[in-house]
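Note sheet for the following structure.
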Protein chains: 2
Amino acid sequence: MLHVAEAARVSVATVSALINGTATVSPELSQRIEQAILDIGYKRNAIARSLKMGTTRTIGLTVPHITNPFFTDVVSIIQQAFDRAGYAVMLCCTDEDLNTQDDQIRLLLDRMVDGLIVARVGDGAILKRIVDDANVPVVLLDRVCEGVDTDTVVLDNQSAVFDAITYLVDLGHRRIGYISGSFDISPMHDRVTGYREALQAAGLPVENELVRFGNFHEVDGYNATMQLLSLHDRPSAIFSANNPMVIGTMKAIRDIGLSCPEDISIACFDDFPWSDVFQPQLTTVAQPVQAIGEQAANLLLDRLAGNRDAPPRKLTLKGRLMIRNSCRPLGAPLGAIAQSISA
Amino acid sequence: MLHVAEAARVSVATVSALINGTATVSPELSQRIEQAILDIGYKRNAIARSLKMGTTRTIGLTVPHITNPFFTDVVSIIQQAFDRAGYAVMLCCTDEDLNTQDDQIRLLLDRMVDGLIVARVGDGAILKRIVDDANVPVVLLDRVCEGVDTDTVVLDNQSAVFDAITYLVDLGHRRIGYISGSFDISPMHDRVTGYREALQAAGLPVENELVRFGNFHEVDGYNATMQLLSLHDRPSAIFSANNPMVIGTMKAIRDIGLSCPEDISIACFDDFPWSDVFQPQLTTVAQPVQAIGEQAANLLLDRLAGNRDAPPRKLTLKGRLMIRNSCRPLGAPLGAIAQSISA
DNA sequence: CATCATTTTCGAAACGTTTCATCGTCCTCT
DNA sequence: AGAGGACGATGAAACGTTTCGAAAATGATG
């Protein structure tokens, strides 16, 4: 900018005024300056600007896994929203690891991001410290946490799983396996609760041996399924609490030589685009990813627009059970599957 | 830092020296400074540091689509590599749009990223300008471009598709449809070339009506498949040049009432984790995503480490044909599929 | 004890912007 | 004609670091 000012024989203040439109500059100087900018190929240095302005027009976004289609979709939508608003997005993957997440968020805050969207934080204390420490607005995604007062977008996990399990019960299933993610993360907690309540509502016993915990990865789903299928009285249906784990479940039942839905019914959380073109077409709980992403982005953009003091807003969205053909009516002949799909 | 210096009754220069270890500071002052840092909860301002140092320890990464599993995997691996090296990654999705990509890269350069990894750039001229303008190292991913001399990691797309098509020919297919992405992007160009050469090598005619172009999205695959299947002499096999498009292909053949592989054989580019648990299990060309991501990261990290003047390095990796059960031997009874899989 | 070498600390400039108070100029109004 | 306003342009300070040369303190040596 100094060079531009010299070349145009004006002061840097005038150049700045022209570029930002913060003051009127005469046509004559404008022309000289613009020419100089072109000649020199000047680009404003965003770092210096950020330092002076105290704003980076960048937000931080952390997700557990970018390979999980659910998060991929959400990230993509959030990206687009901030793109439109002229913000850049700094993405970090925490790999479901608390320390990593802590490091990442610290990194982001050090870089003076203007705001933070944090998906699926693990530990309440860490989370609380983050929200308190950061003097920037924070939006929580897919995770609610007692005592942490900030904008939040979550799914009604409990009722979503309740509906899914109830559907299985209605099909005649009595022993339903459940594969959960780590229990200390609220969505996982709520999903298990939905499972238990559905069984209780149907007057069925809740048996601990039917509930397994994993760490969200495919291999966890695989191992958990193997355990469930080696029970002496094995379940006739399995519900898996996330997408990567259900892949593990499918691999396990394939390796054990069973087939779905003939031998075992499968349902899971999180829909994916190809779920109705391959067999079995999985019955899933679809999250409204578009809405989740947009709402989270809107909440943060609203804060960034200056609405700092409004009380924390907590949004809860509803999931939707997508019934396909991976669950069969128990005791009914196989031919009945087709009918059940139209249910 | 000023506050810390005051609280510890030292100069800011000394605080800086201690924090960065750029000079020895006496145990006594060190102790006072560290205490002050703790008391105040001081965090170094990375923006001011970047301004002074001329380096942000941030790299930019652009990909066409984050929802394409291939790019998701690559992004994830690149992320991890730079994470380990203490760099942050700024991710941008270009949505296959040239203007968007241009804007994104400009945005990244304005923010003084230390380096750039650009996946799948569309236009040669734009690309050349980017590489020339940016006074930071640039690594090209999944795209090679005449006249642009910079580090590059690409797949040997041509031979990968050649192998896949040859496999289909060996199964007895004579009319093989091909669904390509935009022709002006080198991988797409090379893939089509592989297709043509495989047919020619087998002495088969290359018919234009069998080659369709789309813009990488599911809907493009759907439309292209519909067109291919409405030909009066329709193909017995279809190869789709990327992952989202093959989903469209599968939906089209489902909607038309055909089934795979009985009525039509399907193969595609890009493997995905669930491809061998659902039916049909797609025969795919798997890219070595791990290697691609790591190599790209290594090339850039090497430049960032100071190796600026080495001549551009061009890495070409090999794809691998993953034969599953979505292609059937033509003319043979259906039972023969199982045998062909072991081929 | 004076001198010199070495270690430790510091003041001040610089990075590239934005912003604010100030200063000319020129116009308008009494 | 002189005063007052409006407008355009500018100099300089500030943002929070790093760094360099210089100053101060310490230790060693003759």
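Order of the sequence lines fixes the chain letters, A, B, ..., with proteins taken first and strands second; residue numbering starts at 1 for each chain.
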Whole-Å gap separating [atom2] ([N]) and [atom1] ([X]):
X	N	atom1	atom2	answer
Ile33(A)	dG8(D)	CD1	C1'	11 Å
Met112(B)	dT17(C)	CE	C1'	12 Å
Leu2(B)	dA13(D)	CG	P	17 Å
Arg32(A)	dT10(D)	CZ	C1'	14 Å
Asn20(A)	dT17(C)	CG	P	10 Å

Distance-only donor-acceptor check, side chains Asn20(B) and Arg44(B), under 3.5 Å
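A pair is found: one side chain offers a donor N or O, the other an acceptor, under 3.5 Å apart.
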For [X], enumerate each residue passing the side chain to side chain donor-acceptor pair (under 3.5 Å) test, keeping only those at least two apart in sequence or located in another chain.
X	result
Gln287(B)	Asp270(B)
Gln290(B)	Glu294(B)
Asn307(A)	Asp302(A)

Could you give all pairs that pass the salt bridge (Lys or Arg N to Asp or Glu O under 4.0 Å) test and reach residues 87-97 of chain B, with sequence neighbours left out?
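The answer is Glu96(B)-Arg120(B).
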Reading 5' to 3' through nucleotides 4-10 of chain C, protein heavy-atom contacts under 4.0 Å coded B for base, S for sugar-phosphate only, - for none
----SSB
Between His189(B) and Phe183(B), is the gap from one ring center to the other below 6.0 Å?
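Ring-ring flag for His189(B)/Phe183(B): true, centres closer than 6.0 Å.
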Backbone of Asp73(A) reached by a side-chain donor or acceptor of Thr67(B) within 3.5 Å
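No; zero donor-acceptor contacts below 3.5 Å.
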Every protein N/O within reach of nucleotides 14-16 of chain C N/O, cut-off under 3.5 Å:
unit_1  : atom_1 : unit_2   : atom_2 : d
dA14(C) : N3     : Lys52(B) : NZ     : 2.8

Salt-bridge test for Asp151(B) and Lys314(B): reply yes if a basic N is under 4.0 Å from a carboxylate O, no otherwise.
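Salt bridge flag = no for Lys314(B) with Asp151(B).
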